[in-house]
**Student:** 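Got a structure for you, questions after.
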Amino acid sequence: MDIILGVRLQDCTLVATSKAATRGISVLKANDDKTRILNTHNLLAYTGEAGDTVQFAEYIQANIQLYLMRENDTELSPKATALFVRNQLATSLRSRKPYQVNVLIGGYDTKTDVPALSWIDYLGTHVELPYAAHGYAAFYCSSLFDRHYRKDMDLEAGLDLLRMCVKELEMRMPIDFKGVYVKVVGKDGVRAIEL
Amino acid sequence: MSDPSSINGGCAVAMVGKDCIAIACDLRLGNQSLSLANNFEKVFPFGDKTFLGLTGLASDVLTLKEDFRLKHNLYKLREEREIEPETLANLVSSSLYERRFGPYFVGPIVAGLHSKTNKPFICGFDLIGCIDFAKDFIVSGTASDQLYGMCESLYEPDLEPEDLFETISQALLNAVDRDALSGWGAVVYIVTKDKVVKRVLRTRQD
Amino acid sequence: MLTPDIAMTYSGMGPDFRVLVDRARKLAHTNYKRIYNEYPPIRIMVQELAKVMQASTQSGGIRPFGVSLLVGGYDEHSDSFQLYQVDPSGSYFPWKATAIGKTAVSAKTFLEKRWNEDLELEDVIHVALLALKESVDGELTGENLDISVISEPQEHLLGFKGTDMTGPRVKKLSAEEINDRLDAL
């Protein structure tokens, strides 16, 4: 099971995704990036069924980009982006073959200067959360987040929290997930960061 | 445990009092055994004195909330007045039955006072829209069995608003404590002819 | 009668009117009763009719409806009786009293003089018959004239007993009842 984590901090949102791409018992790739940048201030992280994930993520990415072009470079807010993604998944759920994709959306609202984090699963369940994870990682990390999360955390404190999570995951997860990529979504857009 | 109506958990209850009604829900949203959020409200206002509670699959709760918001707004534009609780109930029923062979996995309840006569009205539905008209109380969600038990023993007719609040709160609180998928906070609306009071209840956080 | 509380009549082409009656009755159900389990208020019913008539002025291959309508009814929500006129263009107007057809202008002038806010039911029937008499060449009889009254719920017209349902408010007067009133003119 892939790992994706998200934490909303004081002035940015952190998203961490595992680097391993696995198929059954094999690790196929150790530098897999499970995120797509939707627009300057929105990042989509995904897990789920092998083929569906990238297909869905890039479909969403294309549509958000299209909106940008049509609307004269007006960015969709994190809330609007999350509702759009939720709607797509909820519609897909009742189609012949639903997308089996779970996502986190890290965003930063440039109008209100508020960071945002959305948890959305393949059913179309959507919640805005201070910290979130999908899959088994959620079982290991939720308690750590509950104990150590403070809503006024700065970037360094957020990274410390992620380090604790990754340490815990490395200890308890049965397979090596090859570490995580960490991305920060803040005022100046999305950037990668070393943990 | 892949039953869609008990993946996310949550419950709601409505009661009739003397010239008033109460409707309440818990605040939990979970993914199977894992709790995700403690701010997921399941009761939504439609006009001043009419409320719709939606329990079941969270995705469908969100979808239907928006669907009924749309239909309610169109209704207001067309009729130039607020929708009556009875009318909303029939709208909910026909909307759900439209999806008879691919239903939304929800357990809606409607509660409200008539805009002019202030006559209390409550009712519940199954997932395909069969209406359950009740004189006393309506329960719904993963703690519905427990709620039936609590309501059956605590409820009495013609309660004043303050007493109705106490009754519905105790019924909900004690019911969700015996349901692993419900709880994590609760919200109660008490609706009287000229006032709506919303109260957020503190509950056990386990 | 379109719904238990709404009735309409026309001036113009009879066959077109029958089509509109069919349409209105069906729309009352598909667009309203089957959704809300109650009959449409008269204003909504009139809007649906006007929509049909307007659409026929814009669609290709068909002609507009050759009728003007008078739609009367009771509105539960505002507890009021209402009268509307609908024209072939699809425009509609609410009235206190009005007339349509060949002699509409003179009939309206007449009504303007005779109508007032506190006429009783029997009085308005009387005024309506007088207005009609003014503009009709031949003799008026109960056999060549229709009167529908929309007033209190008519329990006896329900056809069954023992429910809390209210009866229809629309009641068509019989030839006999009309003749009685004609004699009293």
Side-chain angles (χ1 to χ4, degrees), chain A residues 1 3-8 47-48 79-80 82-105 116-147 149 151 165, chain B residues 1-10 25-42 44 54-70 95-96 98-106 127-128 141-142 180-181 183-185 187 204-206:
Chain A
M1 198 68 178
I3 295 161
I4 59 171
L5 307 171
V7 197
R8 168 157 54 77
T47 66
K79 193 165 208 163
L83 286 178
F84 173 71
V85 175
R86 185 202 99 78
N87 235 315
Q88 290 297 320
L89 285 167
T91 311
S92 154
L93 185 69
R94 287 190 156 77
S95 67
R96 198 182 53 78
K97 188 163 184 301
Y99 281 115
Q100 291 190 36
V101 186
N102 305 312
V103 304
L104 292 180
I105 297 173
L117 176 67
S118 280
W119 184 98
I120 305 173
D121 71 1
Y122 75 101
L123 298 166
T125 317
H126 169 235
V127 255
E128 282 191 29
L129 294 170
Y131 44 83
H134 274 295
Y136 293 112
F139 292 102
Y140 296 116
C141 298
S142 293
S143 46
L144 276 171
F145 282 139
D146 286 340
R147 176 71 181 79
Y149 179 81
K151 60 174 174 247
C165 288
Chain B
M1 258 294 162
S2 66
D3 170 19
S5 53
S6 56
I7 292 173
N8 303 117
C25 66
D26 71 336
L27 289 175
R28 182 181 178 270
L29 179 131
N31 196 204
Q32 310 267 45
S33 63
L34 181 73
S35 296
L36 290 170
N38 56 5
N39 58 358
F40 193 79
E41 292 191 30
K42 297 162 190 77
F44 313 103
L54 286 164
T55 64
L57 189 69
S59 174
D60 289 347
V61 170
L62 294 169
T63 307
L64 284 179
K65 171 187 87 172
E66 287 304 311
D67 185 35
F68 288 125
R69 190 163 74 93
L70 171 80
S95 301
L96 289 177
E98 217 166 64
R99 293 266 175 280
R100 170 63 180 78
F101 298 109
Y104 290 115
F105 297 100
V106 287
L127 79 169
I128 53 170
T142 52
L181 300 180
W184 255 31
V187 173
R204 287 170 65 114
Q205 295 293 313
D206 59 359

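A, B, ... follow the sequence lines: proteins, then strands. Residue 1 opens every chain.
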**Student:** Which bit of Leu123(A) comes within less than 4.5 Å of chain B, counting heavy atoms only: side chain, backbone, both or neither?
**Tutor:** both

**Student:** Are there donor-acceptor atom pairs under 3.5 Å between chain A and chain B, and if so which?
**Tutor:**
unit_1	atom_1	unit_2	atom_2	d
Arg86(A)	NH1	Ser59(B)	O	3.2
Arg86(A)	NH2	Thr63(B)	OG1	2.9
Arg94(A)	NH1	Asp60(B)	OD1	2.9
Arg94(A)	NH2	Asp60(B)	OD2	3.0
Arg94(A)	NH2	Pro103(B)	O	2.7
Leu123(A)	O	Ser59(B)	OG	2.4

**Student:** Ala180(B): what forms a side-chain contact (heavy atoms from CB on, under 4.5 Å) with it, not counting sequence neighbours?
**Tutor:** none

**Student:** Under 4.5 Å heavy-atom distance to chain A, tell me which part of Leu36(B) shows up: side chain, backbone, both or neither.
**Tutor:** both

